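The next block holds one structure in the form of structure tokens; read it before the comments.
Naming: A, B, ... by sequence-line order, numbering from 1 per chain. Keep in mind the model is a prediction, meaning the values are calculated, not measured.
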Amino acid sequence: MESKQPLLKVNNLKTYFFTDDGVVKAVDGVNFEVYPGETLGIVGESGCGKSVTSLSILRLLDEKGKIVDGEIIFEGKDLVKLDENKMREIRGNDIAMIFQEPMVALNPVYTVGDQIMEAIILHQKVHKDEARKIAIDMLRKVGIPEPEKRVDEYPHELSGGMRQRAMIAMALSCHPKLLIADEPTTALDVTIQAQILELMKQLQKDLDMAIIMITHDLGVIAEISDRVAVMYAGKMVEYTDVKRLFKNPKHPYTWALLNAIPRLDIEQERLFSIPGVVPDALHFPSGCKFHTRCEFATEKCRNEEPGLIEIEDGHFVACWNIEKLEAAKDRVEVGENK
Amino acid sequence: MLRDEIKKNTKKFFKNPTAVLGLFLLVFFIIIALFAPLIAPPKDPNNPYRIPIATWSLEPKPPSPEHPFGVIGQRDIFYGVIWGTRTAFRIGLIVAGISAIIGIIMGSLSGYFGGWIDEVLMRITDIFMSLPFLVAAMVLTTVLGKGLDKVMIAMIVFGWMGTARLIRGNILQVKEEQYVLAAKALGVRDSLIILKHVIPNTIFPVIVQVSMRMGSLVITAAALSFLGLGAEPGYADWGTLLSYSRNWLTQFDKAWFSIVYPGVAMVLFVLAWNLVGDALRDIFDPRLRG
Amino acid sequence: MNEIILEVKNLKKYFPIRAGVFRRIVAWVKAVDDVSFNINRGETLGLVGESGCGKTTVGMTILRLYEPTAGQVLYGNKDISKLRGKELREMRRKMQIIFQDPYSSLNPRMRIKNIIAEGIITHDIAKGREAEHMVAELLKRVGLSPDQMNRFPHEFSGGQRQRIGIARALAVNPELIVCDEAVSALDVSIQAQILNLLEDLQKDFNLTYIFISHALNVVKHISDRVAVMYLGKIVEIADKKELFSNPLHPYTKALMSAIPIPDPELKRERILLKGDVPSPINPPSGCRFHPRCPIADPKICSREEPELREVKPDHFVSCHLV
Amino acid sequence: MIAYIIRRLLLLPLILFGVTILIFGMLELLGPEKLVSAYIRGPEAEKVAGATQKIIEKYGLDKPLPVKYERWLGNVLKGDLGWSLVGKQPVLSAILSRFPYTLELALWAIIPVVFVGIWLGIISAVHHNKFLDHFLRVFAIIGWSFPDFVFGLFMILIFYTQLGWFPPGYLSFDMERVVTSSQFVNYTKMVTIDSILNLRFDVFLDALRHLIAPVITLAYLWWAYILRITRSSMLEVLRKEYIRTARAKGLSEDVVINKHARRNALIPVATVSGQMIIALLAGTVIIESVFNRPGLGRFVAMAATQLDYMSIIGGALFYSILLVLGNLIVDVSYALIDPRIRLQ
Amino acid sequence: KNPDTVIVATIGEADTLDPHFAYDTASGEVLFNTYDCLIQYKGESIKEFEPRISTAVPSVENGLIKDDGKTYVFPIRKGVKFHNGNDLTPEDVEYSFERGILFDPAGGPMWMIIEALFGEYTWEDVVMNHVKLRTGKDMAYSDLFAENGEPKPEYAKYLMEAYRDILDPAIEVEGDNVVFHLVRPFAPILYILAQGSSWSSILDKETCIEKGLWDGKADTWWKYHDLPKEESPLYAFENGSGPFKLVEWNREQQKVILERFDDYWNGPAKIKRAIIWGIDEFSTRKAMLEKGDVDVCYVPAQYLSQVEGMPGVTVKKGLPTVSITSLHFNWTVAEGSEYIGSGKLDGNGVPRDFFTDINVRKAFVHAFNYDAFIEDVLNGMGERVPSDLPTGFLGYNPDLPLYKFDLKAAKAALQQAWNGEVWTKGFKMSLLYNTGNEARQTAAEMLKYYIESLNPKFKIEVQGVQWPNYLSAYKRGLLPAFIIGWLADYPDPHNFIFTYYHSQGVYGGPQGEAYKEWARENLDALIEQAVQEIDPAKRQALYEEIQKIAIENYIGMPLYQPLAIRVQRDWLKGWYRNPMRPGEDFYAYWKEE
Ligand SMILES: Nc1ncnc2c1ncn2[C@@H]1O[C@H](COP(=O)(O)OP(=O)(O)OP(=O)(O)O)[C@@H](O)[C@H]1O
Ligand SMILES: Nc1ncnc2c1ncn2[C@@H]1O[C@H](COP(=O)(O)OP(=O)(O)OP(=O)(O)O)[C@@H](O)[C@H]1O
Ligand SMILES: [Mg+2]
Ligand SMILES: [Mg+2]
């Protein structure tokens with residue numbers, strides 16, 4: 001992996017919202033890179049800034065949101081500085097995106113086909129009939145039965161799973177190099193989620209694209225990602241490859257999170273619970289953002305913000321008390337594999 | 001806390017310059033209405049809404065120290081504008097208030113009970129809505145006979161349907177809210193559920209609606225007066241004052257003060273309510289915020 | 001432990017679909033179609049299934065928030081569906097519900113105090129000072145500070161609101177609580193808090209839960225027995241350990257395999273189901289699962305409706321091919 | 001959808017029946033004494049003593065209610081709405097002959113209202129919270145607060161009294177003569193259309209000159225209204241996920257707004273435009289009176305001031321039929337924009 | 001502008017073009033220009049006549065008035081053509097009057113001719129008198145008819161007789177003459193027949209029968225009796241012989257367009273086209289006058305200042321009229337009136353018979369500033385008259401005393417009224433006016449102002465109601481006092497004196513039962529005597545006496561006799577003033593810069 005050049009490199013990204021109530025530091029220093037063909041998972045609880053991160057990459061923030069610092073290097077260009085026209089050429093063409101709610105992410109007054117063809121005509125500069133063919137092809141590829149018929153249907157005529165497939169077809173119609181999937185399966189049933197995840201893996205292989213998979217479901221992360229970034233309150237707290245993360249989490253938050261999920265594969269007497277609530281983005285705590293809920297927190301945590309440091313090769317953690325966690329891991333009985 | 005909520009909303013309200021302007025105007029008009037007897041002392045305290053005759057001549061007289069806004073139709077415009085403020089408030093508050101109450105009753109019955117009650121009430125609502133408001137008010141006023149009270153009755157009779165529909169829609173929505181189910185599951189009586197859960201959660205849009213209607217009601221009443229169907233001549237009412245100007249329109253020097261003073265009073269009054277209503281809507285109805 | 005507290009017999013709930021010129025009923029949503037099970041005092045029955053399969057409807061019908069179309073719900077030995085007026089209200093005291101949505105389940109214009117006290121006052125359990133005292137106790141019990149009882153719901157986070165919902169349910173000393181997706185809307189870290197709380201409360205008050213969720217892992221964690229629903233029917237019901245170690249119905253199997261497990265090294269075989277969940281308006285004939293079933297036998301499955309059979313002690317399955 | 005329309009069509013007679021009861025009820029509030037004036041009038045007519053009683057008997061004004069209603073409804077169904085004192089004609093023909101004037105005025109007003117209003121609304125939403133937006137908002141709210149007759153008075157004061165540009169009335173004399181001459185074919189009775197069909201552009205321009213002030217007066221308020229609706233609807237739509245999807249595809253802002261956002265934003269606008277057209281037609285009651293234009297509006301206003309009950313009642317009935325049919329049309333067209341409804 | 005067209009901007013609009021139904025000036029104006037009458041007023045005079053269709057004006061001297069004033073002979077002009085080209089014959093004249101009398105619509109004008117010929121006020125009364133004579137029974141006209149509208153068989157012949165024996169002989173063709181036979185002398189008859197009286201217009205018999213008017217037969221006339229206005233075929237159609245033809249009556253625009261009749265017997269008119277346009281909004285009318293778009297413009301007195309001095313516009317003021325506006329008292333207010341407060345003399349109302357006390361009437365009469373009213377409100381466009389008889393009429397005497405504005409006298413009278421009770425207890429009543437009539441409104445306000453200034457316990461509420469409601473209220477006797485005007489139907493004192501003072505007069509009734517009784521005792525006989533007197537000098541004396549009685553008894557307060565204003569463009573020539581003419585005489589006009 002190291003041999004390759006990263007496709008996308010995000011450096012110290014800071015995206016703030018300037019609202020009437022104050023400045024929301026939704027993303028406050030995020031670094032990661034995505035290599036061609038790999039899947040980067042971004043995981044974190046609601047409101048931690050996952051979506052804002054992805055929207056920042058495509059520069060689709062609303063007028064209140066500003067990228068205040070950092071760079072987003074895609075194929076050598078800094079997207080933050082790119083002019084709007086150039087950016088538009090990248091959107092949908094080089095980087096595509098799918099959203100959480102397939103119900104509302106499609107325009108209700110145009111047919112699915114229309115909406116897919118739009119991007120094709122725009123980026124591939126083909127004729128309408130040609131575009132339609134491509135669209136039908138695409139729909140078939142994502143496993144929609146009778147694509148010739150479905151192409152002329154309106155979104156509300158499709159089921160949730162179908163719509164998400166159509167969204168995927170739309171995103172992939174121009175063969176992007178990077179697909180950003182923002183919780184693509186959260187709104188779907190598990191059996192459908194399984195279908196979609198399978199489809200995405202398949203398509204990734206076929207098209208050789210990189211994926212940024214955003215989710216709050218650690219199960220999905222485990223299933224699909226190569227590397228994982230864990231976010232908490234606008235910050236990256238841990239960043240490493242998927243196996244290491246699940247086997248040997250180094251950040252107290254990651255660790256607690258893993259133990260808080262009820263699991264199918266192991267018996268748990270009692271769930272580990274993280275006290276308190278996710279802090280409100282307007283009033284982030286000082287120092288380490290997690291210190292209010294962290295059992296290892298010290299005076300230092302309260303006052304100084306830990307940086308993301310590479311504690312071992314390719315494993316980044318932002319915590320002052322890594323050792324304390326190691327010690328505690330033995331104390332806490334998490335349960336055993338069946 | 002409620003106080004916090006109020007504080008927050010108040011803060012939001014005061015951040016909006018147009019809302020503040022509206023509130024300022026409104027307060028201004030309220031003060032004028034309250035102190036009308038001091039600002040323009042009535043000649044006949046039993047009948048203060050009748051503008052005293054300033055001169056026998058029908059000719060308009062331009063503003064003078066004695067009649068600061070001039071005289072039209074033998075009446076002192078200043079007096080008419082001042083007491084017209086009271087008239088405007090009376091029309092707006094009474095009509096908007098009573099029709100809102102009727103609307104709330106009809107809407108709640110319809111929305112909460114549903115079924116045939118809903119069907120019947122909604123068809124009745126449809127029927128009343130099948131007449132354009134202005135025309136309907138005009139017809140009923142004509143039938144009832146002239147006079148501001150008749151205009152008000154007419155506007156009430158044809159003015160409740162909007163509220164009824166709004167309330168019904170909201171109730172249908174609130175009825176599905178889980179807290180209503182929860183109350184039901186707790187064994188709370190239907191009547192209490194309406195009173196404690198449903199109405200409080202539907203009433204704010206009605207308040208917004210009422211404040212937005214205030215202005216248009218005053219306009220409609222004035223329009224009827226202007227056409228000669230509303231208040232009788234000599235009544236302290238802006239529309240009536242404006243109707244005097246009709247026949248002097250072609251002469252700028254004789255018409256301008258009779259149009260400008262009551263006209264501006266009216267525009268500002270309506271503007272005040274609309275600004276306040278707009279701001280309230282922004283606060284209470286986040287869907288339309290922006 | 002084996003006293004049956006609630007018995008559901010052949011429960012059906014159909015919702016009419018009105019359409020056409022005269023708003024006539026043109027079809028029925030068979031949201032719950034012939035469901036039977038029972039619950040013992042003090043146990044937790046998990047109810048899982050995908051969205052739209054009728055879980056909520058079961059819960060609501062049990063509480064008579066919906067009128068059942070057919071069937072019986074016996075509480076103790078009273079048929080709830082026949083109760084009226086005072087008796088019904090009395091019964092409602094014994095059964096409570098906690099909702100999924102922590103936002104819409106609390107009246108935004110009422111203080112926490114009044115929300116929780118509503119049941120206490122309705123059932124004349126206490127009044128005034130005393131009621132307030134009880135509210136304070138309840139708040140403490142669900143892990144909130146009594147100082148907060150004068151606040152409004154929107155001042156609380158999702159997890160806190162869910163606690164308030166729980167306190168409201170507890171206020172009337174219920175015996176049975178239906179938890180409808182009580183933790184689905186919560187973040188993982190909060191979800192764990194609430195699940196733990198529910199478990200503690202169950203122990204302390206000897207509560208019986210019907211725990212409705214689409215998340216198999218959560219159900220597995222909290223339940224004693226689990227019923228799996230598909231399109232308005234129970235397809236499998238068994239003791240938790242039995243069900244998870246030995247699922248018999250192909251749907252149960254598929255469901256289990258579909259759940260992603262947070263362990264990248266665990267490689268499982270996936271049973272991928274075809275297509276979407278069909279609509280409950282015109283459910284497939286025969287076994288409702290047959291169009292998606294990987295092992296369906298075209299001869300019987302599409303024709304005959306399988307019955308819920310006890311294939312092992314206390315393990316019921318409704319499948320022709322088990 | 002079709003079922004819905006059919007249902008609406010079936011409800012239509014019911015509603016209209018209700019409307020007749022409502023209207024007849026109002027008529028009956030008068031009592032026979034006052035109704036007499038619907039049959040005779042004028043000081044001269046009163047010179048003959050005993051005429052009142054004769055009229056009451058002749059028209060059966062003292063009969064019991066249901067009998068009167070039946071008779072009245074029977075007449076209404078036959079198209080006999082009584083005699084219009086103001087119109088000097090049977091009420092129905094009085095209404096029908098005046099309606100084209102009003103329709104013409106309303107149509108002319110609708111064009112700027114819809115086009116300009118929607119255009120401004122979109123601009124305002126796109127420039128959300130910028131200067132232009134604030135400006136248009138203020139413009140809108142002032143417009144919404146301006147009573148139409150006051151605005152009309154100002155228009156006359158400025159554009160006729162002072163500047164002499166836009167005269168009140170309907171046509172100037174020479175043109176009037178052209179229109180009434182036998183060479184001029186009145187296809188629609190709407191002079192702006194007829195003049196073009198007759199290739200008389202001088203007439204057209206003259207008609208336009210008379211139309212401008214009332215059209216602006218009528219339109220200004222509704223501009224403001226449509227602007228507001230469009231703006232908030234557009235703002236709501238612009239926050240929708242599918243707009244983000246469209247942007248994520250790399251579409252230009254133009255396409256996003258004009259294709260993806262506008263159509264969705266216009267759906268709620270379509271509903272209010274139905275009400276608006278009705279209100280606009282009703283608004284001519286005042287505008288036509290202020291600008292001294294012939295038409296249904298002024299007819300009704302005159303009928304009301306002169307207590308010509310048959311005409312007001314007939315006018316009200318006519319307006320309500322327009323309204324009911326108008327709403328039906330709006331609902332249908334609504335469905336045409338929104339496939340979610342169309343395909344139900 | 002428009003050299004051969006005259007455009008008149010006025011208010012209101014013709015009510016009907018059926019001459020026998022039309023009873024308003026707006027209709028009269030159209031009929032005046034499209035039909036001919038037997039005779040016409042001579043120029044500006046309202047006392048002298050000229051021939052028109054009749055080649056001579058009947059007089060005792062020329063022998064055309066015979067039998068002591070009971071027979072009138074009209075020699076009919078030859079060569080007169082109707083607009084459709086038909087010739088006008090004596091039969092047409094006979095038919096016209098007979099049709100009108102048989103038609104006699106309720107509320108129509110035909111009572112004048114019927115009164116002149118038969119001494120009754122409606123044709124139905126004439127018929128019923130006949131039936132009574134023949135059967136001895138007192139019945140209502142409607143009793144003669146069966147359910148299906150046909151006459152009951154037993155009465156059919158009386159109906160036929162009514163025409164054959166009464167009406168037909170009353171108007172007869174004798175050679176080239178038409179002869180009227182009156183049952184008694186009736187002094188005003190020539191006025192009633194003169195041009196300007198639309199009810200005396202000459203119709204074309206042939207066209208009328210074609211159009212479905214009365215077919216001229218004796219046995220079906222009742223089918224054509226009292227038809228609704230709109231059912232008359234002449235409603236919006238004319239085929240007169242007048243100088244102008246009706247081109248269009250555009251009811252949407254309240255516009256009547258007339259065109260010159262080239263075959264007019266007296267030679268074609270000088271202008272080609274005349275338009276009468278109803279524009280209710282004064283401002284609009286004025287603006288059009290200013291721009292020269294209209295030639296004549298109706299201007300209410302209070303807006304006089306707006307047109308005076310307008311370039312290119314002639315304003316003539318102070319023109320005489322034949323109308324009176326006065327306030328009369330109701331001596332017996334009808335029961336249930338809402339306008340007399342409590343109905344008792346308790347300070348919160350007035351008793352129903354409040355005005356029977358002459359002191360009350362006297363006080364009211366003195367509490368009005370007549371001169372200020374005329375000066376300020378009417379801009380001087382009014383004249384004071386001592387009684388309800390306009391100046392210039394027979395019987396008018398400028399030496400009769402005018403009421404004075406005298407608050408002291410008013411106060412004294414009120415202190416005496418009702419044995420002083422009025423003064424100590426106070427009273428309260430309403431004065432109504434019809435909305436839109438600013439003059440009347442101000443009159444009411446003024447009376448209120450001065451009465452209330454006498455004693456703070458006096459309360460008069462001034463209330464505006466719409467015209468029809470006003471009419472109905474005063475006619476039902478609900479108003480304690482009412483302001484009303486009368487416009488002459490014909491310029492004879494009878495038309496005013498009878499109306500205001502006779503117990504059966506139109507305004508007699510609303511003055512209450514007590515007044516009627518009083519009038520029967522004191523005035524009725526005198527009034528009846530006066531109308532039958534042919535000698536003008538004797539009539540003058542009789543009318544003066546009547547007026548004296550009225551003035552002394554404070555029967556009403558004549559507020560003013562309006563003076564008219566003429567506002568027209570300078571370029572319109574040929575105008576002359578005749579107060580009996582209902583509007584413009586386009587035949588006389590031409591235009592010249
Ligand atoms: N348009 C916006 N205006 C103001 N604040 C915003 C806006 N969008 C997001 N935020 C804030 O930014 C923070 C991060 O939001 P984001 O949507 O990235 O969270 P997320 O991790 O995607 O959560 P979820 O799992 O709920 O989607 C939140 O606190 C949110 O309130
Ligand atoms: N009030 C209702 N009227 C009509 N249909 C209803 C109603 N409530 C539920 N349904 C339908 O009944 C079926 C079962 O609904 P239910 O809410 O019980 O499912 P669920 O299993 O709880 O789903 P979820 O996981 O989405 O909450 C669904 O198809 C739903 O659309
Ligand atoms: Mg997100
Ligand atoms: Mg559910």
Give a yes-or-no answer on whether the side chains of Tyr209(C) and Glu199(C) include a donor-acceptor pair shorter than 3.5 Å.
no

If only side-chain N and O atoms count, and only distance matters, is there a donor-acceptor pair under 3.5 Å linking Glu45(A) with Ser189(C)?
yes

Taking Ile222(C), Asp200(C), Leu216(C), Val219(C) one by one, which has the highest count of heavy-atom pairs under 4.5 Å against chain A?
Asp200(C)

Portion of Leu218(A) that has a non-hydrogen atom of chain C nearer than 4.5 angstrom:
both

Examine whether an atom of Gln195(A) lies under 4.5 Å from a heavy atom of chain C, and if so say whether it belongs to the side chain, the backbone or both; otherwise answer neither.
both

Trace of the salt bridge (Lys or Arg N to Asp or Glu O under 4.0 Å) decision for Glu148(A) with Arg140(A):
CA-CA 9 Å; Glu148(A) 297 84 0; Arg140(A) 187 173 296 122; 2.6 Å; yes

Using a 4.5 angstrom heavy-atom cutoff, name the option from [options] with the most pairs to chain C.
{"options": "Val220(A), Ile274(A), Leu188(A)", "result": "Ile274(A)"}
{"options": "Pro275(A), Pro145(A), Ala194(A), Gly160(A)", "result": "Ala194(A)"}
{"options": "Gly143(A), Ser273(A), Pro262(A)", "result": "Pro262(A)"}

Under 4.5 Å between any side-chain heavy atoms of Asn248(A) and Trp255(A), yes or no?
no

Heavy atoms only: give me the nearest [X]-[Y] pair and the separation to one decimal.
{"X": "Cys319(A)", "Y": "His251(A)", "answer": "CB-CD2, 3.8 Å"}
{"X": "Glu50(C)", "Y": "Asp189(A)", "answer": "OE2-CB, 3.1 Å"}
{"X": "Ala192(C)", "Y": "Ala260(A)", "answer": "CB-O, 3.6 Å"}

Heavy-atom distances under 4.5 Å only: say whether [X] touches chain A with side chain, backbone, both or neither.
{"X": "Leu273(C)", "answer": "both"}
{"X": "Gln191(C)", "answer": "side chain"}
{"X": "Glu265(C)", "answer": "side chain"}
{"X": "Ile261(C)", "answer": "both"}

Look only at the side chain of Arg288(C) and the backbone of Tyr230(C), and say whether a donor-acceptor pair between them is shorter than 3.5 Å.
no

I'd like to know if the side chain of Asn206(C) reaches the main chain of Gln202(C), judged simply by a donor and an acceptor atom lying under 3.5 Å from each other, with no hydrogens or angles considered.
no

Only counting residues at least two apart or in another chain, list the ones meeting ring-ring contact (aromatic ring centres under 6.0 Å, His included) with Phe32(A).
none

Under the salt bridge (Lys or Arg N to Asp or Glu O under 4.0 Å) criterion, do Glu223(A) and Arg270(C) qualify, and how do the steps go?
CA-CA 12 Å; Glu223(A) 187 138 311; Arg270(C) 264 261 160 91; 2.2 Å; yes

Any residue meeting salt bridge (Lys or Arg N to Asp or Glu O under 4.0 Å) with Lys274(C), in chain and number order, not counting sequence neighbours:
none

Kindly determine whether Val228(C) and Ile237(C) satisfy side-chain contact (heavy atoms from CB on, under 4.5 Å), including the steps that lead there.
CA-CA 6 Å; Val228(C) 181; Ile237(C) 180 166; over 6 Å; no

Residues of residues 198-205 of chain A with a heavy atom under 4.5 Å from any heavy atom of chain C, in residue-number order, are Glu198(A)

Could you please state which residues from residues 232-243 of chain A sit under 4.5 angstrom from chain C, measuring non-hydrogen atom to non-hydrogen atom, sorted by number, or 'none'?
Val242(A), Lys243(A)

Intermediate values then yes/no, side-chain contact (heavy atoms from CB on, under 4.5 Å), Phe211(C) and Leu198(C)
CA-CA 10 Å; Phe211(C) 195 92; Leu198(C) 285 172; 3.9 Å; yes

